[in-house]
Amino acid sequence: MAKKVFLSFHYDGDVTRCQRIRNIGAIEEDREEVNAQRWETIKAGGDQAVKNWIAKEMAGKDAVVVLVGGETASRKWVRYEIEKAWQDKRRLVGIRVHGMLDLNGNKGFYGENPFDKVFDADGMALSRHVTLHNPSGIDSKAVYATIRDSFESWVNGAVKRA
């Protein structure tokens, strides 16, 4: 059964990988896809406009899935989305996507864990609470197959703050 999820990812680095995951069919989409031009328009409205857009898009979602590529952990808005998901007590899980090919046929690189960069109320990194899955596979197709076959169970098993 398709899940209502908010996908958090580094747009420039992983939009192609994200689109491939959307195409798995495990995600119930209820929003228009945001292209680079639309994202720039949202950002031009300032930080509060971006926060408002994120809140609107997260509303009613079963979980927040962070797609982790090479630069995801350094992205301001990904960190904010993780913080918001945790504060809102949404299910939260990460999936590494560096093993999938981008539009140019290139694999990404293994990036830092973004859950190491966000902290709970006790000052502990969320990586102590949130699972970051590293799909197996010797090539992009195998990594994709692992994500396709595991996505629903990973989302169902995602941690939710009490």
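- Going from atom OH of Tyr80 over to atom NZ of Lys51 covers 5.5 Å, rounded to the nearest 0.5 Å.
- The closest side-chain heavy-atom distance from Val68 to Pro114 is below 4.5 Å.
- When side chains are defined from C-beta on, Trp77 counts as touching Trp39, because their heavy atoms get closer than 4.5 Å.
- No donor-acceptor distance shorter than 3.5 angstrom exists from the side chain of Asp120 to the backbone of Leu126, with no hydrogens or angles considered.
- Of all heavy-atom pairs spanning Arg17 and Val97, the tightest one is CD-O, 3.1 Å.
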(message) Does Ile24 form a side-chain contact (heavy atoms from CB on, under 4.5 Å) with Tyr144? I'd like the steps, not just the answer.
(response) CA-CA 9 Å; Ile24 288 171; Tyr144 175 81; 3.5 Å; yes
(request) Please lay out, stage by stage, how Glu81 and Met58 fare under the test side-chain contact (heavy atoms from CB on, under 4.5 Å). (result) CA-CA 9 Å; Glu81 291 160 352; Met58 274 192 192; 3.8 Å; yes
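- At a threshold of 4.5 Å between non-hydrogen side-chain atoms, the residues Lys84 and Ser8 do not count as touching.
- Val64 is not connected to Phe119 by any chain of hydrophobic side-chain contacts under 4.5 Å among Ile, Leu, Val, Met, Phe, Trp and Tyr, and they are in different clusters.
- Contact detail for Ile138 and Lys107: the closest heavy-atom pair is O-NZ, 3.9 Å.
- Linking ILVMFWY residues whenever their side-chain heavy atoms come closer than 4.5 Å, directly or via other members, places Val118 and Leu132 in the same cluster.
- Residues Ala73 and Glu112 approach most closely at CB-O, 3.6 Å, considering heavy atoms.
- Scanning both residues, Arg90 and Ala59, for their nearest heavy atoms gives NH2-CA, 3.7 Å.
- Atom-to-atom distance recorded for Ile147:CD1 and Arg20:CZ is 8.5 Å, nearest 0.5 angstrom.
- Proximity of a side-chain donor or acceptor of Arg79 to a complementary backbone N or O of Ser74 within less than 3.5 Å is detected.
- In this structure the side chain of Asn52 never reaches within 4.5 angstrom of the side chain of Lys56, judged on heavy atoms.
- No side-chain heavy atom of Trp86 sits under 4.5 Å from any side-chain heavy atom of Phe115.
- The aromatic ring centres of Trp154 and Phe151 sit 6.0 Å or more apart.
- Across all their heavy atoms, Ala63 and Val155 have their closest contact at CB-CG1, 3.8 Å.
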(request) Starting from the C-alpha separation in whole Å, work towards a yes-or-no answer on salt bridge (Lys or Arg N to Asp or Glu O under 4.0 Å) for Asp12 and Arg75. (result) CA-CA 11 Å; Asp12 292 338; Arg75 308 313 297 171; 5.3 Å; no
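- Side-chain contact between Asn23 and Arg148 is absent, with no heavy-atom pair separated by less than 4.5 Å.
- Here the straight-line distance linking atom SG of Cys18 with atom CG of Leu7 works out to 4.5 Å at 0.5 Å rounding.
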(message) Could you walk me through whether Asp62 and Lys4 satisfy the side-chain contact (heavy atoms from CB on, under 4.5 Å) test, starting with their C-alpha distance in whole Å, then the side-chain angles of each, then the deciding distance to 0.1 Å, before giving a yes or no?
(response) CA-CA 5 Å; Asp62 299 318; Lys4 291 182 183 178; 3.6 Å; yes
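- The shortest heavy-atom contact between Val130 and Val93 is CG1-CA, 3.9 Å.
- Following chains of ILVMFWY side-chain contacts shorter than 4.5 Å, one cannot reach Leu101 starting from Ile21, and the two form parts of different hydrophobic clusters.
- Counted within 6.0 Å of CD on Glu40, heavy atoms from surrounding residues, nucleotides or ligands total more than 12; the atom is thus considered enclosed.
- Around atom CD of Gln37, no more than 12 heavy atoms belonging to other residues, nucleotides or ligands sit under 6.0 Å away.
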(request) Let me see the working for His133 and Val65 under side-chain contact (heavy atoms from CB on, under 4.5 Å), right down to the final yes or no. (result) CA-CA 11 Å; His133 296 279; Val65 177; over 6 Å; no
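- We find the CD1-CD distance between Ile42 and Glu57 to be 7.5 Å, quoted to the nearest 0.5 Å.
- A 4.5 Å side-chain heavy-atom check between His98 and Asn134 finds at least one atom pair inside the cut-off.
- Side-chain atoms of Thr16 and Asp102 form no donor-acceptor pair, as typed in the model, at a separation below 3.5 Å.
- With a 4.5 Å cut-off on side-chain heavy atoms, Thr72 and His10 count as touching.
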